[in-house]
Amino acid sequence: MAKKFGAGFVTGMITTLGTIATGVFTYKKKVLDPAEQEAKRIEQNRIRANRKSHSAHLG
């Protein structure tokens with residue numbers, strides 16, 4: 001009985017850790033990465049607008 005308990009405990013721990021890792025990975029892909037990409041896109045637009053503004057007032 002002790003072997004079954006130990007094997008079940010180890011299996012449960014591995015399954016739990018796998019589930020937590022999957023949740024963290026999914027959260028990163030669904031929430032964090034799009035937010036970072038949006039921030040990069042906004043920054044690139046700001047740089048382009050600033051460059052365009054300065055070039056429009058050269059002459």
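All of these numbers come straight from a predicted model, not from anything done at the bench. Because only heavy atoms are used, hydrogens play no part in the values below, and waters and symmetry mates are left out as well, while side chains stay in. Counting begins at 1 with the first residue of the sequence.
- Judged as a salt bridge (charged side-chain N to carboxylate O under 4.0 Å, His left out), and not counting sequence neighbours, the contacts of Arg46 are Glu43.
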Contacts under 3.5 angstrom, residues 12-19 side chains, donor-acceptor by atom type, not counting sequence neighbours:
| unit_1 | atom_1 | unit_2 | atom_2 | d |
| --- | --- | --- | --- | --- |
| Thr15 | OG1 | Thr11 | O | 2.8 |
| Thr16 | OG1 | Gly12 | O | 2.7 |
| Thr19 | OG1 | Thr15 | O | 2.8 |

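- Every residue meeting the side chain to side chain donor-acceptor pair (under 3.5 Å) condition with Glu38, not counting sequence neighbours, appears here in chain and number order: Arg41.
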Listing, residues 23-35 side-chain donor-acceptor contacts under 3.5 Å, not counting sequence neighbours, or none:
| unit_1 | atom_1 | unit_2 | atom_2 | d |
| --- | --- | --- | --- | --- |
| Thr26 | OG1 | Thr22 | O | 2.8 |
| Lys28 | NZ | Asp33 | OD1 | 3.2 |

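- Identified under the salt bridge (charged side-chain N to carboxylate O under 4.0 Å, His left out) test for residues 2-20, with sequence neighbours left out: none.
- Other members of a hydrophobic cluster containing Ile42 are absent, since no ILVMFWY side chain comes under 4.5 Å of it, directly or through relayed contacts.
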